[in-house]
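Here is the structure we will look at.
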Amino acid sequence: DQQVKQNSPSLSVQEGRISILNCDYTNSMFDYFLWYKKYPAEGPTFLISISSIKDKNEDGRFTVFLNKSAKHLSLHIVPSQPGDSAVYFCAANYGGSQGNLIFGKGTKLSVKP
Amino acid sequence: SQTIHQWPATLVQPVGSPLSLECTVEGTSNPNLYWYRQAAGRGLQLLFYSIGIDQISSEVPQNLSASRPQDRQFILSSKKLLLSDSGFYLCAARDRGPHGYTFGSGTRLTVV
């Protein structure tokens with residue numbers, strides 16, 4: 001049973017517009033959530049995170065929103081740039097700072113010039 | 001900050017041959033370590049994790065094994081590779097800060 005789900009395997013957006021990537025989870029015990037970005041043939045890199053006690057975290061063009069009642073989080077990229085084209089993984093943490101992450105299957109974002 | 005070294009970057013191996021992928025970590029001590037595999041068009045599958053020397057947990061039954069002979073060394077092995085072992089293998093270490101994991105650059109394994 002998948003505890004972290006990214007239901008859209010791919011998303012295509014025009015340069016300059018907003019990209020919205022979605023993630024749903026089932027376990028209310030997750031204590032924070034993260035987004036990773038992965039280019040082909042490279043390891044994922046950390047992008048942004050949010051604690052379960054927050055509902056929004058912003059870092060430059062990237063904002064993550066958390067809706068605990070809906071068990072849903074989303075990553076907004078504004079404005080989208082061609083260099084943002086990558087696979088984005090949503091992850092949920094349980095067990096505190098030495099716990100394990102559970103990853104979604106990823107969403108491939110394509111930003112077209 | 002910690003750095004993950006993973007090698008080789010690419011590997012082509014015949015079916016039935018052995019495998020050894022090595023991962024070493026710098027900049028931290030006693031990290032939790034992980035091996036993931038990303039098959040073509042798929043997500044990240046957790047294969048093994050380790051909380052300390054010689055302490056390995058396997059997440060899925062398979063043709064692979066892992067060992068941690070030293071605190072900052074994590075090795076993925078197989079005695080006889082299968083075609084289905086092809087994929088992109090990633091080593092990761094738990095970050096003590098808010099970034100979750102730090103990943104290595106990965107090994108692309110093709111079994112032919």
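So you know, we letter chains A, B, ... as the sequences are listed, proteins then strands, and number each from 1.
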If you check every heavy atom in residues 11-25 of chain B against those of chain A, which residues fall under 4.5 Å?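 When heavy atoms of chain A are the reference, residues 11-25 of chain B contributes no residue within the under-4.5 Å range.
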For B/Leu44, which atoms come within 4.5 Å of any heavy atom of chain A: side chain, backbone, both, or neither?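 When you check distances to chain A, atoms from both the backbone and side chain of B/Leu44 fall under 4.5 Å.
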Is it the side chain or the backbone of B/Tyr101 that comes within 4.5 Å of chain A heavy atoms, both, or neither?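 B/Tyr101 touches chain A through backbone and side-chain heavy atoms alike.
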With hydrophobic residues grouped by side-chain heavy-atom distances under 4.5 Å, do [X] and [Y] end up in a single group?
X        : Y       : answer
A/Tyr88  : A/Leu11 : yes
B/Leu64  : B/Tyr34 : no
B/Phe103 : B/Ile4  : no
B/Ile51  : B/Trp35 : no
A/Val87  : A/Ile77 : no

For chain B, which residues from residues 41-59 of chain A lie under 4.5 Å away (heavy-atom distances)?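 If one takes a 4.5 Å heavy-atom cut-off, the residues of residues 41-59 of chain A near chain B are A/Ala41, A/Glu42, A/Gly43, A/Pro44, A/Phe46, A/Ser49.
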For chain B, which residues of residues 30-40 of chain A have at least one non-hydrogen atom nearer than 4.5 Å to it?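 Listed by number, the contacting residues are A/Tyr32, A/Leu34, A/Tyr36, A/Lys38.
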Do other residues, nucleotides or ligands put more than 12 heavy atoms under 6.0 Å from B/Leu46 CG?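 Count over threshold, so yes.
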More than 12 heavy atoms of other residues, nucleotides or ligands under 6.0 Å from CZ of A/Arg17: yes or no?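 Open.
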Disulfide (SG to SG under 2.5 Å) contacts touching residues 15-110 of chain A (sequence neighbours left out):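 Residue pairs passing disulfide (SG to SG under 2.5 Å), neighbours aside: A/Cys23-A/Cys90.
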Quick one: pull up CD in B/Gln38 and CZ in A/Phe89 and give me the separation to the nearest 0.5 Å.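 Here the interatomic distance stands at 4.5 Å.
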Out of B/Gly106, B/Ala9, B/Gly104, B/Ser105, which one racks up the most heavy-atom pairs below 4.5 Å with chain A?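 Greatest number of close heavy-atom pairs with chain A: B/Ser105.
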